[in-house]
Number of protein chains: 2
Amino acid sequence: MVETDVSANSRLTVAAHALTWIGLYQRRGHEVATSEQIATSVNTNPVVIRRLLAELRKAGLADSQRGAGAGWMLVRDLETITLLDVYQAIDPGPIFALHRARPNPECVVGNGIGPAMTAVYDEVEAALRGELAKTTLEDVLRDVLKTA
Amino acid sequence: MVETDVSANSRLTVAAHALTWIGLYQRRGHEVATSEQIATSVNTNPVVIRRLLAELRKAGLADSQRGAGAGWMLVRDLETITLLDVYQAIDPGPIFALHRARPNPECVVGNGIGPAMTAVYDEVEAALRGELAKTTLEDVLRDVLKTA
DNA sequence: GTCGTTGTAACGATTAGTGTTACAACCAGG
DNA sequence: CCTGGTTGTAACACTAATCGTTACAACGAC
């Protein structure tokens, strides 16, 4: 398979894509969507979709049925799901990390830099979450349909 | 060397640490700081520091002299350097990525999800940069000295 | 019972970041 | 002109995260 380029995290993109796809599919009268169908739209392997949707199920955003004719469905409506909900569901690690090894505690800077940077990073992550909370999957779907 | 745990990016932390250390060292009357000294405070290898400072030099934040008795110095004062300057100097990739492989363009969602998510991601990154711009390395140093 | 679907383990490939060694390039000071 | 300390940078190994893939068990509608 030919890839364009890699480096950052596409998990949020794929998760939003999958949920939006399920939502639209259900609106068109279908009960459930299979990981195969979603994978075809995302252009990836169905297992990748099942792994990701399993995390969203743990967070109460999606649910699945097993057996023949089964598949995935939304638990909540698209309007009530924000990208922050999706983001937290896939449990991304922190954006920034402190030092891999503890800096020298006998150095003034080495000793105090950890708390100083943590304070900043907390604010940054809060701002990031605030931005993600502004957009619902309904907004995403509206934007998607506008493109088409 | 024993590490605590890994997963996210500590480059911004180390870069801010190094610049703050140089700034404090220069305030105490020294001309230049060696990568060896900085590495001792950060608790890493001097080459890691030199690699990172080389990127900060490209961005006009630091400069180096070669030869015996040489080392690193600040180009701008700590007050004039924000964490956003440092962040952009180390050229981090985007926080979020779109799909690794292009989604199915024949699917409405696959076709429109890219622009929709890109719009959100742009806002998120702008918010992140806005937060980083609020803090200068002088603020960081003040916070560091408060801890000690 | 059958068949389509989810659940999940296992493995390889890719990528980013980090730590380390090695050595060339450079230059202040004698 | 040497010498020694420092930067510059290539090279390599290691870890960890993500992704793609194969394989197969578990499940359940019919």
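Since the model is a prediction, treat every value here as computed from it, not as a measurement. Sequence lines set the chain letters: A, B, ... in the order given, protein chains first and strands last, and positions in each chain run from 1.
The distance between atom CD of Q65(A) and atom C1' of dC30(D), rounded to the nearest whole Å, is 14 Å. Taking atom CD of E36(B) as the reference point, atom C1' of dG8(D) lies 16 Å away to the nearest angstrom. Between the P atom of dC23(C) and the CZ atom of R50(B) lies a distance of 15 Å, rounded to the nearest Å. Atom CG in N9(B) sits roughly 15 Å away from atom C1' in dT18(D) (whole-Å rounding). Summarising the geometry, the separation between CD on E31(A) and P on dT5(C) is reported as 15 Å, rounded to the nearest angstrom. Rounded to whole Å, the distance from CD on Q37(A) to C1' on dG4(C) is 12 Å. Put simply, CD on E55(A) is 13 Å from P on dA17(D), counting in whole angstrom units. In this entry the distance linking CG of N45(B) with P of dT7(D) reads 12 Å, nearest Å.
On a pure distance criterion of 3.5 Å, no polar donor-acceptor pair joins the side chain of R66(A) and the base of dG28(D). One donor-acceptor pair, N or O on each side, does fall under 3.5 Å between the base of dG19(C) and the side chain of R51(B).
A heavy-atom distance below 4.5 Å is found between the side chains of M73(A) and Q26(A). Contact check for P103(A) versus H17(B): side-chain heavy atoms found under the 4.5 Å cut-off.
In this model, no donor atom of one side chain and acceptor atom of the other lie less than 3.5 Å apart for S10(A) and R100(B). Remark: the Y87(A) side chain and the T82(A) side chain contain no N/O donor-acceptor pair separated by less than 3.5 Å.
Checking dT21(D), dT18(C), dA28(C) against every side-chain atom of V47(A), the shortest atom distance belongs to dT21(D). Distance from the side chain of S64(A) is smallest to dG7(C) among dG7(C), dT7(D), dG20(D). Proximity note for S10(A) (side chain, C-beta onward) versus dC3(C), dC19(D), dG8(D): the nearest is dC19(D).
Comparing P46(A) and A33(B) along DNA chain D, the residue whose closest nucleotide (by nearest heavy atom) sits nearer the 5' end is A33(B). For the pair A54(A) and G67(A), both in contact range of DNA chain C, the more 5′-proximal nearest nucleotide belongs to G67(A).
A salt bridge between R129(A) and E125(A) is present, with a side-chain N of the basic residue lying under 4.0 Å from a carboxylate O of the acidic one.
R57(B) has no side-chain polar atom (N or O) that falls below the 4.0 Å cut-off from OP1 or OP2 of dT7(D). The phosphate of dT5(C) (OP1 or OP2) has no side-chain N or O of T34(A) nearer than 4.0 angstrom.
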